[in-house]
> 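Can you keep this structure in mind? I'll have questions shortly.
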Amino acid sequence: MAQFSIKDNDVDIVIGALQSDLTSFMNAWKPMFSRYHLIIVKDPELKEDLKIPDGFDAQIFTKADMDKAVGPSLTSQLFSGYSCRYYGYLVSNKKYVISIDDDCIPAKDDKGFQVDAVAQHLFNLAAPATPLFFNTLYDPFCKGADFVRGYPFSMREGVPCALSCGLWLNLADLDAPTQALKPEQRNTRYVDAVLTVPNKALMPLSGINIGFNRELLGPALFPGLKLTKEGKVRWETMEDVFSGMCAKVVCDHLKLGVKTGLPYVWREERGDAVQSLKKDWEGMKLMEDAIPFFESIKLPAEAVNAKECMLELAKLVKERFGAEKNSVLTQAADGMIEWVKLWKKVVVPASN
């Protein structure tokens, strides 16, 4: 099999800081993070100063930086809570971005070895994806795998991978009702596999542990969907799920790949699922409306990059949901348009 690699200086690691003391988090990740440039974005609603240990090439952004770049109103509208990391996506000038939530630490694989989540994301992104024809032996570019008998030789080059979606041990990214119903349930199963999500198949992206090609997909990962009672724990938000459906539609249209599976992270516990139920219900109902819409989308051939695709998506969302006044989805469409404007205004070309 061919070897795939990405240079260290082509990578930014983006961390959204929802807690002020990042000492234990950063020290746990030091073997993986210390060789890369880090962008740490402080939640604009967090009052305490950040505590970050020495030994990292870290660039820190606060509310003052966001206000200066996009204005105070957009800071509160787009970058509060978990959405603060999207500011890191915006200001990065690297080709690849890895993003891991600050309540996660490195996991161990089924043999007891510590998982290098950054290296695995980068391999997923460097190796081609195979969304147009499913390979039953998982990712054919992984060590020990290959294309199975019957896989067309004309399709074995694959397509560029734009998004790598990692998973979680311990506390899986479940919704609030499921977690409340099964409060003791923990994910202990480590599956040593990577899959390309097939073309036209939707998926609920979790922003907890991802990597992406910022040049190909950056504008499609956006923080525009805000629930009325959005909170500070994952199951009280839907911004990453909605953004992920937009990103998947964009990838399908542009013939780009999305992978899921490895790498795993170990996710610590945060929040109370029972208390979150009232806030999350809005998001679950929202998904029932959004999924049929996304399944029906066909973007025009004239949309040839992520920015153009997002503007077309915004137009379609408004056409479908515009009659519903104050709809969260129509507000998200406005957010898409604003995000593309910001991307054109703030984003600098990737460094070589």
Side-chain angles (χ1 to χ4, degrees), residues 6 8 10-43 46 50 52-53 55-61 79 81-92 94 96-109 114-125 163-173 187 190 194 205-214 217-218 221 223 232-235 237 239-241 243-244 247 258-271:
I6 291 172
D8 292 359
D10 283 336
V11 180
D12 266 335
I13 297 175
V14 172
I15 300 160
L18 273 72
Q19 56 183 323
S20 58
D21 191 350
L22 295 178
T23 303
S24 60
F25 168 81
M26 298 291 286
N27 284 335
W29 285 102
K30 194 168 187 176
M32 297 84 168
F33 284 3
S34 58
R35 59 193 279 192
Y36 300 102
H37 179 255
L38 274 58
I39 293 178
I40 301 175
V41 186
K42 181 182 175 184
D43 177 3
L46 185 64
L50 294 183
I52 300 169
F56 297 92
D57 176 17
Q59 190 175 7
I60 301 169
F61 292 91
F79 300 124
Y82 280 108
S83 293
C84 66
R85 63 202 168 91
Y86 290 89
Y87 186 78
Y89 302 173
L90 188 69
V91 298
S92 169
K94 302 297 178 67
Y96 298 97
V97 167
I98 309 297
S99 184
I100 296 173
D101 278 3
D102 67 351
D103 59 354
C104 298
I105 59 174
K108 291 185 178 179
D109 65 17
Q114 195 170 62
V115 174
D116 187 339
V118 178
Q120 181 65 53
H121 274 306
L122 294 179
F123 179 85
N124 291 349
L125 292 167
L163 179 61
S164 170
C165 308
L167 299 174
W168 342 265
L169 292 175
N170 192 38
L171 193 66
D173 192 13
N187 184 33
Y190 182 94
V194 177
L205 171 69
S206 168
I208 292 171
N209 168 27
I210 65 170
F212 61 94
N213 184 319
R214 187 174 158 278
L217 194 63
L221 294 166
K232 295 287 186 180
V233 292
R234 271 292 178 194
W235 47 50
T237 69
E239 118 282 326
D240 54 346
V241 176
S243 172
V258 176
K259 295 181 183 179
T260 184
L262 302 178
Y264 283 82
V265 295
W266 181 275
R267 187 169 176 237
E268 304 287 359
E269 298 185 34
R270 178 187 284 175

> Which heavy atom in Leu221 sits nearest to a heavy atom in Ala247, and how many Å separate them?
CD2-CB, 4.0 Å
> Side chain of Asp102, backbone of Leu18: donor and acceptor closer than 3.5 Å?
yes
> Applying salt bridge (Lys or Arg N to Asp or Glu O under 4.0 Å) between Asp12 and each of Arg214, Arg85, Lys94, report the one that passes.
Lys94
> Taking 4.0 angstrom as the limit, do Asp8 and Arg35 come out as a salt bridge?
yes
> Do Val241 and Leu205 touch side chain to side chain, with heavy atoms closer than 4.5 Å?
no
> Run the side chain to side chain contact (heavy atoms under 4.5 Å, CB included) check on Leu122 and Tyr36 step by step: do they pass?
CA-CA 12 Å; Leu122 294 179; Tyr36 300 102; 3.6 Å; yes
> Can any side-chain N or O of Asn170 pair as donor or acceptor with the backbone N or O of Glu268 at less than 3.5 Å?
no
> Does the Asp21 side chain pair with the main chain of Thr23, one donor and one acceptor, at a distance under 3.5 Å?
yes
> How many angstroms lie between atom CD1 of Ile100 and atom CD1 of Ile105, to the nearest 0.5 angstrom?
11.5 Å
> What verdict does the side chain to side chain contact (heavy atoms under 4.5 Å, CB included) test give for Arg267 and Leu169, after you've listed the backbone C-alpha separation in whole Å, the side-chain angles of each residue and the deciding distance to 0.1 Å?
CA-CA 6 Å; Arg267 187 169 176 237; Leu169 292 175; over 6 Å; no
> Run the side chain to side chain contact (heavy atoms under 4.5 Å, CB included) test on Val115 and Tyr190 for me, step by step, so that the C-alpha distance in whole Å, both residues' side-chain angles and the decisive distance to 0.1 Å come before the verdict.
CA-CA 11 Å; Val115 174; Tyr190 182 94; 3.9 Å; yes
> For the atom pair OG (Ser99) and CD1 (Ile13), what is the distance rounded to the nearest 0.5 Å?
10.0 Å
> As an exercise, state the distance from SG of Cys84 to OH of Tyr89, rounded to the nearest 0.5 Å.
9.5 Å
> If you take all heavy atoms of Gly207 and Asp240, which pair is closest and at what distance?
N-OD2, 2.8 Å
> Between Gln120 and Asp116, does any side-chain donor sit less than 3.5 Å from a side-chain acceptor?
no
> How close do Gly211 and Ile98 get, counting heavy atoms only, and between which atoms?
CA-CD1, 3.8 Å
> Rounded to the nearest 0.5 Å, how far does CG of Leu163 lie from CG of Asn124?
10.0 Å
> Do Asn209 side-chain atoms and Cys165 backbone N/O form a donor-acceptor pair below 3.5 Å?
no
> Distance check, rounded to the nearest 0.5 Å: Ser92 atom OG versus Gln59 atom CD?
9.0 Å
> Show the numbers, then the answer: is there a ring pair (Phe, Tyr, Trp, His ring centres under 6.0 Å) between Phe212 and Tyr96?
CA-CA 6 Å; Phe212 61 94; Tyr96 298 97; 9.3 Å; no
> Within the 4.5 Å heavy-atom criterion, are Ser164 and Leu125 side-chain neighbours or not?
yes
> Tell me the closest heavy-atom pair linking Ala172 and Asn187, and the distance in Å.
CB-CB, 4.1 Å
> I would like to know whether Tyr82 and Asp43 meet side chain to side chain contact (heavy atoms under 4.5 Å, CB included); could you show each step before the answer?
CA-CA 7 Å; Tyr82 280 108; Asp43 177 3; over 6 Å; no
> Would you call Ile40 and Leu50 a side-chain contact if the rule is heavy atoms closer than 4.5 Å?
yes
> Nearest 0.5 Å, please: how far is CE in Met26 from CD1 in Ile52?
5.5 Å
> For the aromatic rings, using the six-membered ring if either is Trp, is the centroid distance between Phe79 and Tyr86 under 6.0 Å?
no
> When you measure from the centre of the six-membered ring of Phe56, is the NZ or CZ of Lys30 closer than 6.0 Å and no more than 45° off the axis?
yes
> Which atoms form the tightest heavy-atom contact between Gly55 and Ser34, and what is the distance?
O-CB, 3.8 Å
> Could you check if a side-chain atom of Val265 sits within less than 4.5 angstrom of a side-chain atom of Leu167, using non-hydrogen atoms only?
no
> Could you tell me whether a side-chain N or O of Lys108 sits under 3.5 Å from a main-chain N or O of Gln114, the two making a donor and an acceptor?
no
> Ignoring hydrogens and angles, tell me if any N or O in the side chain of Trp168 forms a donor-acceptor pair with the backbone of Cys104 under 3.5 Å.
no
> If we ignore angles and hydrogens, is there a donor and acceptor under 3.5 Å between the side chains of Asp57 and His37?
no
> Check Asn27 against Pro53 and note the closest heavy-atom contact, atom names and distance.
OD1-CG, 3.6 Å
